[in-house]
2 protein chains.
Amino acid sequence: MPATQPDRRTASKAARRQAIIDAALGLAREHGRHGFSVDLLAQRADVSRRTVFNHFSSLDDVLLAAHTQVMDVLIDDFDRRSAATPVGDGSLASVFDELGAALRVIDLVGPMATLTHLLDGLDDDDEAGQRLVREVMHRTTARLAADIARRSPGADELDIDLLVHSLVGGLVVLHAHWSARTGAADDAASRLVWADLLDRLITTVRNGYR
Amino acid sequence: MPATQPDRRTASKAARRQAIIDAALGLAREHGRHGFSVDLLAQRADVSRRTVFNHFSSLDDVLLAAHTQVMDVLIDDFDRRSAATPVGDGSLASVFDELGAALRVIDLVGPMATLTHLLDGLDDDDEAGQRLVREVMHRTTARLAADIARRSPGADELDIDLLVHSLVGGLVVLHAHWSARTGAADDAASRLVWADLLDRLITTVRNGYR
DNA sequence: TGCACTCAGTGCACGCTTGCACTTAGTGTA
DNA sequence: TACACTAAGTGCAAGCGTGCACTGAGTGCA
């Protein structure tokens with residue numbers, strides 16, 4: 001972020017883009033990914049439908065941006081906690097424990113519920129949805145791995161990539177189970193289910209398969 | 001107002017112009033007419049200073065629009081009450097009584113307080129301020145007279161003009177006295193003073209000087 | 001199977017905002 | 001009295017939003 005405020009033109013453009021993303025998240029939460037049109041999105045965002053396409057190349061592009069933003073918020077939260085945590089001894093075990101501890105503390109249920117709506121009705125035949133998931137997974141793991149590498153310069157890059165993929169891939173599997181059991185609700189009961197599933201993931205990956 | 005909604009472009013332009021007027025009223029209320037600059041106005045209205053001059057030819061033009069709007073709201077109120085009141089016998093006395101009754105019921109203290117700030121520090125040497133008052137007085141009396149004439153087609157136009165000028169001119173005199181006595185405050189005590197002064201005006205003009 | 005309809009996405013022109021450099025008037029001070 | 005400063009107001013060009021007509025893909029129905 002530059003030290004000075006962006007000018008009004010830049011700020012206005014960014015605000016309008018954000019309004020479109022917020023509208024997409026709101027509509028997805030209410031209707032699921034398939035339940036809204038460009039017209040509804042534009043109306044909710046208080047822009048013209050042409051403006052939606054000035055900012056995004058397609059509706060899928062809007063969903064990707066919405067998805068990425070949800071993940072970015074999680075990674076921002078992780079980065080803030082890391083910055084406030086003493087650096088470990090640089091070992092992979094230490095890195096893993098830090099990430100595992102963060103996953104336990106960060107609110108994942110809210111974003112999970114949101115992502116469930118964004119991926120409403122996703123199945124193997126849904127090419128656009130599958131492409132969306134792959135893109136988001138790629139961006140998320142790349143960013144997280146880069147942040148961790150920056151924090152532990154001595155660690156091997158491949159090791160970090162594998163670690164991150166293990167955990168993030170595990171989260172995807174967890175999401176499927178959690179969603180099946182709770183209907184992707186965001187309440188106290190579903191949070192208990194999530195905490196239990198998460199503990200099993202962290203313990204399993206931490207201990208490996210010896 | 002057209003039956004259909006104005007398009008987004010028209011609505012946005014009108015909203016921005018209104019934001020400038022609202023900002024002017026707010027700043028005048030806080031600092032008086034002389035206490036703010038184009039930069040402050042633009043910032044408060046959340047537009048660029050160029051945009052202020054896209055909508056208005058000068059700062060005085062903004063003040064005129066703000067002033068006119070305050071008066072228009074009062075006349076709108078008067079028109080609504082008139083529309084809900086049975087038409088009198090068309091005599092001037094009847095017209096006068098209707099106007100007098102409306103003046104007693106309509107909230108004048110709020111707008112009076114606002115206009116006092118808009119005309120902050122007005123004196124005989126303040127050419128811009130004097131021009132502003134003349135313009136607003138002209139527009140206000142013209143509009144009010146036209147509305148009354150529409151409502152009483154049989155009445156003589158000159159008679160209506162004189163009647164309206166008597167009352168509106170009297171209101172200006174009343175404002176000076178009220179302001180001197182109450183400091184243009186908008187509270188229960190100042191409202192009592194206003195009610196008393198207004199009653200004297202209406203009674204005096206109604207009875208004439210026989 | 002052809003037609004009609006809907007909706008995502010697009011090109012183009014225009015309206016309006018904004019950034020920025022500029023002029024001018026007014027004011028204060030040495 | 002001259003100079004420096006401030007702020008109102010202006011011209012021009014660029015950025016962005018919007019209106020609108022359009023194309024094409026997908027879908028449903030006779």
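In what follows, chains are A, B, ... by sequence order, proteins preceding strands, each numbered from 1.
- In this structure, the CD atom of A:Q43 is 13 Å from the P atom of C:dA8, given to the nearest Å.
- Sequence neighbours left out, not one pair with a member in residues 164-174 of chain B passes salt bridge (charged side-chain N to carboxylate O under 4.0 Å, His left out).
- As rounded to whole Å, 10 Å separates atom C1' of C:dT10 from atom CZ of A:R49.
- Listed by residue number, B:R9, B:K13, B:R16 are the residues of residues 7-25 of chain B with a heavy-atom contact under 4.0 Å to DNA chain C.
- Across the protein-nucleic acid pair, B:L59 atom CG and D:dT10 atom P stand 11 Å apart, rounded to whole Å.
- One can place CZ of B:F56 at 13 Å from P of D:dG9, the figure rounded to the nearest angstrom.
- In this structure, the CG atom of A:D46 is 8 Å from the P atom of D:dT18, given to the nearest Å.
- Remark: the backbone N or O of B:H165 is not paired with any side-chain donor or acceptor of B:T141 at under 3.5 angstrom.
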Can you give each donor-acceptor pair under 3.5 Å made by side-chain atoms of residues 152-160 of chain B, sequence neighbours left out, with the distance rounded to 0.1 Å?
residue	atom	partner	partner atom	Å
B:D156	OD2	B:L158	N	3.4
B:D156	OD2	B:D159	N	3.3

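- Side-chain contact annotation: B:T10 with B:D7, donor-acceptor N/O pair under 3.5 Å present.
- Listed here is the closest heavy atom pair of A:I20 and A:V52: CD1-CA, 4.0 Å.
- Across the protein-nucleic acid pair, A:F53 atom CZ and C:dT10 atom C1' stand 9 Å apart, rounded to whole Å.
- Between the side chain of B:R50 and the base of D:dG11, at least one donor-acceptor pair of N or O atoms lies under 3.5 Å.
- Atom CZ of A:F36 and atom P of C:dC7 are 15 Å apart (whole Å).
- Taking both residues in full, the closest heavy atoms of A:G110 and A:D186 are given as CA-OD2, 3.5 Å, listed atom of the first, atom of the second, then distance.
- Salt bridge present: A:R143 and A:D147 bring a charged side-chain N and a carboxylate O closer than 4.0 Å.
- Base contact: A:T51 has a heavy atom under 4.0 Å from a base atom.
- Look at NE2 on A:H55: it is 8 Å from P on D:dT18, rounded to the nearest Å.
- Each of B:S48 and A:S57 was matched to the nucleotide of DNA chain C holding its nearest heavy atom; the match closer to the 5' end belongs to A:S57.
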